[in-house]
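Model, not experiment: these values are computed from the prediction.
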Amino acid sequence: FFLIYKYKYTMKLIFFYILGIILIVSGLFFIIINLNLLVLGYSFAYFVYFIISNLFCNIFFIGILILILVYERGKIWLLTT
């Protein structure tokens, strides 16, 4: 029974790890696409405000948070086994 639980827990970690990477890549894609605002003459402060207020750019930060949580859970899991 313990091996089945361990396998399910590992699959959850792998799923959230892949999800975090996908969110980071898509968030970085939108941030790079929106770099054109700097070319149009907007200031860097406006660009940072746009990234913070735009939902698609915040996907990047959500992905980083998921990866941090997966890393911490995995570290705890490795210490208990």
Open item on the list: Ignoring hydrogens, what is the shortest heavy-atom contact between Asn36 and Ile33? Give both atom names and the distance.
Closed with: ND2-O, 3.4 Å
I'd like a table of donor-acceptor pairs (distance under 3.5 Å, sequence neighbours excluded) in which one partner is a side-chain atom from residues 40-50, with atom names and distances.
| from | atom 1 | to | atom 2 | distance (Å) |
| --- | --- | --- | --- | --- |
| Ser43 | OG | Tyr46 | N | 3.3 |

Review item, side-chain donor-acceptor pairs of residues 57-70, under 3.5 Å, at least two apart:
| from | atom 1 | to | atom 2 | distance (Å) |
| --- | --- | --- | --- | --- |
| Asn58 | ND2 | Ile52 | O | 2.9 |
| Asn58 | ND2 | Asn54 | O | 3.3 |

Task: Ile31 side chain reached by Ile51 side chain, heavy atoms, under 4.5 Å - done: yes
- [ ] Say whether Leu55 and Leu35 are linked into one hydrophobic cluster, either directly or through other cluster members, by side-chain heavy-atom distances under 4.5 angstrom.
- [x] no
Side-chain atoms of residues 14-24: list all donor-acceptor pairs with protein atoms under 3.5 Å, sequence neighbours left out, distances to 0.1 Å.
none

